[in-house]
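Structure first, commentary second.
Reminder, nothing fancy here: chain letters follow the sequence lines and each chain counts from 1.
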Amino acid sequence: MLDKRFILDNPDLVQENCNHRGIKVDVARFVQLELDRRQLQLDVEDLSRQANVVSKSIAQAKDEAGREARKVEGRNLRDLKEQKQVEMERLAAEANVIHHSMPNLSHPEAPVGGEDASKELRHGEIDIRPFPFPVLDHVDLAEQHSLIDFEGGARIAGHGFYFLKNEAALLELAIQQFAVELLIREGFTPMITPDLARGDILKGTGYIPRGPETQIYSIESSDLNLVATAEITLGGLYAGQVIDADELPIRLCGISHCFRTEAGAAGRASRGLYRVHQFTKIEMFAFTLPEQSEDMLNYFRELECELFDRMGIPYRVLDIATGDLGGPAYRKFDLEAWMPGRGTGGEYGEVTSASNCTDYQSRRLDIRYKVKGEKGTHLVHTLNGTAIAVSRALIAILENCQQADGSILVPEVLRRWVGKDRIGGNG
RNA sequence: GGUCGGGUGGCCGAGUGGUUUAAGGCACCGGUCUUGAAAACCGGCGUACACGGAAGUGUACCGGGGGUUCGAAUCCCUCCCCGACCGCCA
């Protein structure tokens, strides 16, 4: 959420930003509602004050008749207050709907426009290598080497679920180890988080459970939901807390399963592992001082690059355009890995995403910091970034590392955990 | 799952309907004293929102929500969480 005072002071700027983001918001309406609400709040508070004075006077009243008269007066004041308050809450509710629909402000350098306006910043260290042989996609490669059982997954849980088998199962563990090891070395605290969370926590992070088009699986007869990312649990971990400024920045590395219904995704390219209902993800999350968040976002992006460079995967880095930032992000960088088996002749596919949410998430989650010796508290900035989403990484690895003889070379950095250099062939 | 006990400020902790304006302590900040520090002493010290140029003032907040009352940390209902013990169990 945005700061209400900021919206009132800068309605034109906020409206323009909403337009750039491609989100329909009536900022003027919000401003009017909020101003009216404040007037009512004054009335309510004044009536409360009068009623409190009356209440206190009752204890000191001399005779029973005086007390009774005061009680009636108190009742009337409270009734009046109640009426005003109901009206105030009605306005607040309407203003709140608009407020919640407002996206975060946008970084001045973020490209303005729709999805196509996103700007390619650079490529990874590894060039796309030529494939002087017929390229297979990861589904065919997995079939050939008995790595993934999509039919089995569909049988027990439906389309979008799968079993990882043999080296694919080992690769899943290897990828996790590789990413977590690097992040620990960088000073992140490794966290295996709950895979379920309460509705409040999801809403605080910006996810909407149980709606008609929800991306979230919910547990029946319970407030619990399967998480779509560790961002939900890691952000929620500090909800309602005041953090000592000395402790910032806090950097966490979340290891969790991610569950997504992918409602409304029917028809989109979804062959194989690309769009699945469950996958494992290693997530970076940070709470920072406001002046630290820009550097932290760049740091997240560079770590993502390092991980994919070291796995030998070609990729490009995108500076995401305003129209594609979603609600909470102030700026967002995506890594798209080259997937030779995608489309005809290969395509880039999103593998990571790093966002600086500034104070947009922390305002809703109420995560503050306090500077020693200073009065009051301030909102922290939150950032999240994919270190590695295992399912998408598997696609990139299998497809980029396939050899002319049909075997798949295991990236060197993963061999320690996979226990072999090569899948298939004579490895 | 069962029984019992709990949830009060950054932390600990008192408080069973009205001078409670939430006692007291710790921590923290300022000061006195001191060569310096500690100790001692004095003072300050919650958050949010609103109003105000400011000083400041008002309202709300004692796990969440609802109720009773002129008035609720306190009484009632409900939900959540924590702890102890019992049962079951990887």
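For A/L42, taking side-chain heavy atoms from C-beta onward, the closest of the listed nucleotides B/U21, B/A50, B/G18 is B/A50. Distance from the side chain of A/I58 is smallest to B/G18 among B/A48, B/U21, B/G18.
With sequence neighbours excluded, the residues satisfying side chain to side chain donor-acceptor pair (under 3.5 Å) with A/D36 are A/Q32. For A/K332, the salt bridge (charged side-chain N to carboxylate O under 4.0 Å, His left out) criterion is met by no residue, not counting sequence neighbours. For A/F30, the ring pair (Phe, Tyr, Trp, His ring centres under 6.0 Å) partners two or more places apart in sequence, or in a different chain, are A/H99. Residues passing the ring pair (Phe, Tyr, Trp, His ring centres under 6.0 Å) test with A/H145, sequence neighbours excluded: none. For A/R415, there are no side chain to side chain donor-acceptor pair (under 3.5 Å) partners two or more places apart in sequence or in a different chain. Residues forming a ring pair (Phe, Tyr, Trp, His ring centres under 6.0 Å) with A/F333 (at least two apart in sequence, or on another chain): none.
Between A/H277 and A/Y217, the ring planes are perpendicular. Angles over 60° get that label, and only those under 30° would be called parallel.
Checking side-chain atoms of A/S353 against main-chain N and O of A/D334 turns up no donor-acceptor pair under 3.5 Å. Side-chain N or O atoms of A/H138 include one that pairs as donor or acceptor with a backbone N or O of A/L273 at under 3.5 Å. Although no hydrogens or angles enter the test, the distance criterion places no donor-acceptor pair under 3.5 Å between the side chain of A/S48 and the main chain of A/E45. Side-chain atoms of A/N104 come within 3.5 Å of backbone N or O of A/P328 as a donor-acceptor pair.
Spacing between atom OH of A/Y238 and atom C1' of B/G10 amounts to 15 Å, rounded to whole angstrom units. Distance CG (A/L91) to P (B/A50): 15 Å, rounded to an integer number of Å. A/R37 has its CZ atom 11 Å from the P atom of B/C49, to the nearest Å. Rounded to an integer number of Å, the gap from A/K370 NZ to B/G9 P is 15 Å. Between the CG atom of A/D3 and the C1' atom of B/A48 there is a distance of 13 Å, rounded to whole Å. Protein atom CG of A/L77 is 11 Å distant from nucleotide atom P of B/G71, rounded to whole Å. In this structure, CG of A/D223 is placed 15 Å from P of B/G65, rounded to the nearest angstrom. Atom CG in A/D36 sits about 20 Å away from atom P in B/C49, given to the nearest Å.
The P atoms of B/G2 and B/G10 are separated by 34 Å, rounded to the nearest whole Å. Using atom P as the reference point in both B/A40 and B/A27, the two lie 9 Å apart (nearest Å). Taking atom P in both B/G25 and B/G43, one finds a spacing of 11 Å when rounded to whole Å. Going from the C1' atom of B/G30 to that of B/U20 covers 28 Å, rounded to whole Å. Annotation: B/C42 and B/C85 have their C1' atoms spaced 50 Å apart (nearest Å). Using atom P as the reference point in both B/G24 and B/G44, the two lie 11 Å apart (nearest Å). Rounded to whole Å, the P atom of B/C80 lies 15 Å from the corresponding atom of B/G64. For B/G31 and B/G36, the P atoms lie 13 Å apart once the distance is rounded to whole Å.
The heavy-atom pair separating A/I243 from A/V380 by the smallest distance is CD1-CG1, 4.4 Å.
Using a 4.0 Å cut-off on heavy atoms, none of the residues of residues 7-15 of chain A approach RNA chain B. Against RNA chain B, the stretch residues 81-90 of chain A makes no heavy-atom approach under 4.0 Å.
Nearer the 5' end of RNA chain B, as judged by each residue's closest nucleotide, is the contact made by A/V242, out of A/V242 and A/R368.
Shown here, B/A84 forms a base pair with B/U3; the pair counts as Watson-Crick or G-U wobble because both key distances fall under 3.5 Å. When Watson-Crick and G-U wobble pairs are counted only if both distances are under 3.5 Å, B/C11 pairs with B/G25. Base pairing of B/C61 is made with B/G46, judged by Watson-Crick or G-U wobble geometry with both donor-acceptor distances under 3.5 Å. Of the nucleotides present, none pairs with B/A38 by Watson-Crick or G-U wobble criteria with both distances under 3.5 Å. Taking a pair to require two hydrogen-bonding distances under 3.5 Å in either a Watson-Crick or a G-U wobble arrangement, B/C51 pairs with B/G56. In this structure B/C75 sits in a base pair with B/G67, meeting the Watson-Crick or G-U test at under 3.5 Å.
For residues 94-113 of chain A, the salt bridge (Lys or Arg N to Asp or Glu O under 4.0 Å) pairs, not counting sequence neighbours, are A/R29-A/E94, A/E109-A/R331.
With respect to the salt-bridge test (charged N to carboxylate O, under 4.0 angstrom), the residues A/K71 and A/E68 qualify.
Both the sub-6.0 Å distance and the 45° axial angle are satisfied by A/R392 relative to the ring of A/Y274.
The shortest distance between the side-chain N/O atoms of A/R38 and the OP1/OP2 oxygens of B/C51 is below 4.0 Å.
A/R5 comes within 4.0 angstrom of sugar-phosphate atoms only, judged by non-hydrogen atoms across all strands, and of no base.
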Close N/O contacts between protein and nucleotides 81-83 of chain B (under 3.5 Å):
unit_1	atom_1	unit_2	atom_2	d
B/C81	OP1	A/R198	NH2	3.1

Grab the N/O contacts between the protein and nucleotides 57-60 of chain B below 3.5 Å, and write none if there aren't any.
unit_1	atom_1	unit_2	atom_2	d
B/G58	N2	A/E45	OE1	3.0
B/G58	N2	A/E45	OE2	3.0
B/G58	N3	A/E45	OE1	3.4

Scan the side chains in residues 173-183 of chain A for donor-acceptor partners under 3.5 Å anywhere in the protein, sequence neighbours excluded, and list what turns up.
unit_1	atom_1	unit_2	atom_2	d
A/Q176	NE2	A/E172	OE2	2.8
A/E181	OE1	A/R416	NH1	3.1
A/E181	OE2	A/R416	NH1	3.4
A/E181	OE2	A/R416	NH2	2.9

